Amino acid sequence: MQLRELVDASVATGATRSRKKKISTLAAVLAALTPEEVPLGVAWLSGKMVQGRIGVGYAQIKEQLDARIDAPEIATSTLSLADVNACFDEIAAVAGRGSKARRGALLGDLLDRSTRAEQAFVVRVLIGEVRQGALEGVMLDAVAQAAGLPAADVRRAHMLCGDLGRVATAGLLGGAAAIAGFRIEVFVPLQPMLAQTAQTVAEASERLGEAVFETKLDGVRVQAHKRGDEVRVYTRKLHDATAGVPEIVEAVRALPVESAILDGEVLGLGPDGKPVPFQETMSRFATRRNVRAARATLTLRPVWFDVLYLNGEELIDTPQRDRSAALLAAVPEAQQVPQTTTRSVEEAEAFYDAVLEEGQEGVMAKDPAAPYAAGKRGAAWLKVKPVHTLDLVVLAAEWGHGRRKGWLSNLHLGARDGDGFVMLGKTFKGMTDATLAWQTEALQAIATDAGEWTVQVRPHWVVEIAIGDVQRSTQYPGGLALRFARLRGYRHDRDVSSSATLEEVRALYDALHPGA
DNA sequence: AAGTATGCATC
DNA sequence: GTCGGAC
DNA sequence: GTCCGACGATGCATACTT
């Protein structure tokens with residue numbers, strides 16, 4: 001297939017809001033792919049590359065595009081999907097001294113061979129933002145339609161194998177038999193089950209009735225696979241993290257089971273054996289060089305909360321309560337997440353209070369009857385975390401992109417410090433279209449300096465900002481940054497003189513991170 | 001040798 | 001990771 | 001209920017610059 005045909009399908013998909021039309025557009029193009037092209041088309045039309053990321057980002061792309069700003073568009077393109085993929089392969093293989101220039105040359109060559117429309121598409125694939133209103137979720141339905149299979153069967157296959165290219169190939173070429181042939185398999189990671197949010201423990205309790213409440217730990221989600229002495233550890237996005245987490249590997253290898261797939265959280269423990277802030281866990285988790293030395297300073301510990309496969313038996317369709325019981329028998333108590341099952345709101349709240357008292361992130365509430373819905377963010381799992389609020393001052397705002405083009409979107413947030421303000425972070429979350437429209441006018445009216453992307457404003461508007469946490473920062477002048485900040489609303493009743501001070505934010509940091 | 005820019009991963 | 005909009 | 005796309009914070013590795 002020529003790249004042009006795929007680009008046309010992407011444009012058509014983005015041009016309609018109808019999900020059905022997106023699906024039929026995508027299905028039509030899938031049906032026209034050769035077997036070798038299926039993984040490419042499926043990946044690109046859901047915003048991915050078969051190579052994963054290949055070391056080309058916005059900066060390098062901009063450099064190449066800027067160099068071609070006056071170049072005329074080529075009349076016709078002869079690029080096939082295979083041509084483009086070969087170029088991606090070549091770029092991905094570049095490393096070492098001179099690699100930036102080499103990658104740039106390869107990228108530039110690809111752009112030179114592309115029409116404007118093709119350039120736009122390739123660029124979006126490269127930066128992982130196709131923005132056509134369809135990603136993997138819609139693509140799954142398109143695969144089902146193109147293969148003439150029930151969508152539920154294709155989704156089921158994708159649950160068991162996170163590789164959509166493989167699933168699509170099976171469906172389109174092998175039909176129902178191939179799709180039905182997917183099985184949960186050790187060393188083939190499956191999509192982790194995700195949770196919806198509940199505002200309070202009482203809400204979670206009411207929604208679920210009797211529920212399993214578990215401590216929610218602020219670490220890194222992992223899925224461990226074991227067969228005999230062989231162990232591999234995967235992240236939430238199914239990347240292989242085995243090399244960086246020897247303690248986890250050792251712990252799993254030592255389990256008295258022949259084979260298993262476990263779902264859990266990795267925490268960093270300081271020299272005193274106490275859990276460290278997420279930033280430090282992440283530092284250790286991301287370290288790949290000198291892991292041995294890093295391990296001496298900060299050790300990693302797994303805490304498991306689910307078991308999906310045990311000694312040859314698939315457990316994902318087993319109810320939560322039975323999986324929990326199986327987990328209790330399979331791993332030592334020190335590696336089990338603290339949990340309690342209750343239908344009492346009071347008991348659940350007491351558990352939550354105790355968890356927070358320990359300094360943990362919050363709780364998960366789980367439906368005892370629910371299977372493990374891999375890849376789903378369903379109502380069977382609910383997370384409850386404390387919300388903190390700060391009254392901060394809008395210092396600036398940035399122009400939005402995509403559906404927020406033309407609106408001032410991302411707010412720069414500051415706290416009072418002496419006579420001035422220190423910036424603590426930004427947020428674009430929690431704004432309705434009406435809020436965006438209003439603030440675009442209101443902020444421009446008090447602009448002090450309008451740059452290409454950022455409009456500075458006179459400190460005037462106080463906003464109520466919800467956050468999940470305060471963390472240390474080397475980027476912001478106050479040494480602190482907001483984590484998971486979102487707008488609750490404009491405080492029309494408040495003057496900037498009553499906004500939060502840096503001192504108050506520091507006090508919140510100290511309260512949330514005792515001893516840090 | 002030390003600092004900066006970029007990409008990519010986690011949350 | 002959170003949130004709002006759209007189907 | 002589900003999916004998508006607005007973009008936030010951090011830290012590590014790598015290549016490049018000073």
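What's counted below: heavy atoms across the whole structure, side chains too, no hydrogens, waters or symmetry copies. Below, read A as the first sequence line, B as the second, and so on, with proteins coming before strands; counting in each chain starts at 1. Quantities reported herein were computed from a predicted structural model and do not represent experimental measurements.
When the C1' atom of B:dT6 is taken as reference, atom OH of A:Tyr58 falls 14 Å away, rounded to whole Å. Between the P atom of D:dG8 and the CZ atom of A:Phe278 lies a distance of 17 Å, rounded to the nearest Å. The separation between A:Met139 atom CE and D:dC4 atom P is 10 Å, rounded to whole Å. Here B:dC8 presents its P atom at 7 Å from CE of A:Met49, a figure rounded to the nearest Å. Look at CH2 on A:Trp407: it is 14 Å from P on C:dG4, rounded to the nearest Å. Between the C1' atom of D:dA6 and the CZ atom of A:Phe428 lies a distance of 6 Å, rounded to the nearest Å. When rounded to the nearest whole Å, the span between CD of A:Gln60 and P of B:dA5 equals 16 Å. Atom CZ in A:Arg19 sits roughly 15 Å away from atom P in D:dG1 (whole-Å rounding).
Of all nucleotides listed (D:dG1, D:dT2, D:dC4), D:dT2 comes nearest to the side chain of A:Lys376. Counting only heavy atoms from C-beta on, A:Val138 has its side chain closest to D:dC3 among D:dA15, D:dC16, D:dC3. Set against B:dC11, D:dA9, C:dT2, the side chain of A:Gln471 has D:dA9 as its closest nucleotide. Among D:dC4, B:dC11, D:dA13, the nucleotide with an atom closest to any side-chain atom of A:Val220 is B:dC11. Checked against D:dC16, C:dC3, D:dA9, the side chain of A:Lys429 finds its nearest nucleotide in C:dC3.
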> Taking it one step at a time, do A:Phe428 and A:Trp407 satisfy ring pair (Phe, Tyr, Trp, His ring centres under 6.0 Å)?
Replying inline: CA-CA 11 Å; A:Phe428 58 90; A:Trp407 279 330; over 10 Å; no
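No contact: A:Glu265 has no heavy atom under 4.0 Å from any strand. Across all strands, A:Phe484 comes closer than 4.0 Å to base atoms (heavy-atom distances). No contact: A:Lys62 has no heavy atom under 4.0 Å from any strand. A:Gly219 comes within contact range of the sugar-phosphate backbone alone, with a heavy-atom separation under 4.0 Å but no base atom that close. Using a 4.0 Å heavy-atom cutoff across all strands shown, A:Gly468 reaches no nucleic acid atom at all. Contacts of A:Ile54 with the nucleic acid, taken as non-hydrogen atoms under 4.0 Å apart, involve only primed sugar atoms and P, OP1 or OP2. Across all strands shown, A:Ser473 has heavy atoms under 4.0 Å from sugar-phosphate atoms exclusively, and none from any base. Among the heavy atoms of the strands, none lies under 4.0 Å from A:Ala466. Among the atoms of the strands shown, none is found under 4.0 Å from any heavy atom of A:Thr281. Residue A:Asp433 is classed as a sugar-phosphate contact, given heavy-atom separations below 4.0 Å to backbone atoms only. Contacts of A:Ala59 with the nucleic acid, taken as non-hydrogen atoms under 4.0 Å apart, involve only primed sugar atoms and P, OP1 or OP2. Across all strands shown, A:Ala134 has heavy atoms under 4.0 Å from sugar-phosphate atoms exclusively, and none from any base.
Here A:Thr427 does not reach the OP1 or OP2 of D:dC7: none of its side-chain N or O atoms lies under 4.0 Å away. Taking side-chain N and O atoms only, A:Arg486 has no distance below 4.0 Å to OP1 or OP2 of C:dG4. Residue A:Arg155 has a polar side-chain atom (N or O) positioned under 4.0 Å from OP1 or OP2 of D:dC3. Residue A:Lys385 places at least one side-chain N or O closer than 4.0 Å to OP1 or OP2 of C:dT2. Not one side-chain nitrogen or oxygen of A:Lys100 sits closer than 4.0 Å to the OP1 or OP2 atom of D:dA15. One finds no side-chain N or O of A:Arg53 lying less than 4.0 angstrom from the OP1 or OP2 phosphate oxygen of B:dG7. Proximity of A:Gln475 to the phosphate of D:dT10: a side-chain N or O atom is located under 4.0 Å from OP1 or OP2. Remark: A:His239 is in phosphate contact with B:dT10, judged by side-chain N or O atoms under 4.0 Å from OP1 or OP2. Taking 4.0 angstrom as the limit, A:Ser283 places a side-chain polar atom (N or O) nearer than this to OP1 or OP2 of D:dC12. Within the 4.0 Å cut-off from OP1 or OP2 of C:dC7, at least one side-chain nitrogen or oxygen of A:Arg17 is found. Remark: A:Asn410 is not in phosphate contact with D:dA6, judged by side-chain N or O atoms under 4.0 Å from OP1 or OP2. Distances shorter than 4.0 Å separate none of the side-chain N or O atoms of A:His401 from OP1 or OP2 on D:dG5. Residue A:Arg131 places at least one side-chain N or O under 4.0 Å from the OP1 or OP2 atom of D:dA6.
In this structure, CZ on A:Arg124 lies 7.5 Å from CD1 on A:Ile127, to the nearest 0.5 angstrom. Expressed to the nearest 0.5 Å, how far NZ of A:Lys385 lies from CE of A:Met364 amounts to 10.0 Å.
Around CZ of A:Arg491, the count of heavy atoms belonging to other residues, nucleotides or ligands within 6.0 Å exceeds 12.
The residues A:Lys216 and A:Glu358 are annotated as not salt-bridged, no charged nitrogen and carboxylate oxygen being separated by less than 4.0 angstrom. Electrostatic pairing of A:Arg416 and A:Glu504 does not count as a salt bridge here, judged by no charged N lying under 4.0 Å from a carboxylate O. At a threshold of 4.0 Å, the pair A:Asp433-A:Arg403 counts as salt-bridged, since one of the basic side-chain nitrogens sits closer than that to a carboxylate oxygen. In summary, A:Glu136 and A:Lys48 engage in a salt bridge, as defined by a charged side-chain N under 4.0 Å from a carboxylate O.
B:dC11 and D:dC7 are spaced 14 Å apart, taking the C1' atom of each and rounding to whole Å.
In this structure, A:Leu487 and A:Leu194 both approach DNA chain C, and ranking their closest nucleotides by distance from the 5' end singles out A:Leu194.
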